[in-house]
Amino acid sequence: MVDAPVILTIGSVCVGFVLFVTAASGVRGRWHRGIVIALFVAAVCFLTAVPLTVALTAGV
């Protein structure tokens, strides 16, 4: 069975990827700059900070 930290990490990476693709789409669609920057920052957080925090707290 898959442990909770693994599921949380996979979910976080999936959400980060969706946010990153949405931000890239916003750049091409000429969305408001603040929204695009916020999406990129959120994507980086979900792709790096959350998995790293989960890995460190899970004792990997």
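Because the structure is a prediction, the values reported are computed rather than measured.
- Closest approach of Ala42 and Leu19 over heavy atoms only: CB-CD1, 3.8 Å.
- Under the 4.5 Å side-chain criterion, counting only non-hydrogen atoms from C-beta, Val18 is not in contact with Phe46.
- Open room surrounds CZ on Phe20; 12 or fewer heavy atoms of other groups in view lie less than 6.0 Å from it.
- Looking at Thr9, its side chain never comes within 3.5 Å of a backbone N or O of Pro51 through a donor-acceptor pair.
- From His32, atom NE2 reaches atom CD1 of Ile37 across 8.5 Å, with rounding to the nearest 0.5 Å.
- In this structure, Thr57 contributes its side chain and Thr53 its backbone to a donor-acceptor pair below 3.5 Å.
- Looking at heavy atoms from C-beta onward, Val21 lies in side-chain contact with Phe17 at the 4.5 angstrom threshold.
- In the hydrophobic cluster analysis, where Ile, Leu, Val, Met, Phe, Trp and Tyr join through side-chain heavy atoms closer than 4.5 angstrom, Val54 is grouped apart from Leu47.
- Note on Ile35: it clusters hydrophobically with Val27, by side-chain heavy-atom contacts below 4.5 Å among ILVMFWY residues.
- Nearest heavy-atom pair across Ala23 and Val36 is O-CG1, 3.8 Å.
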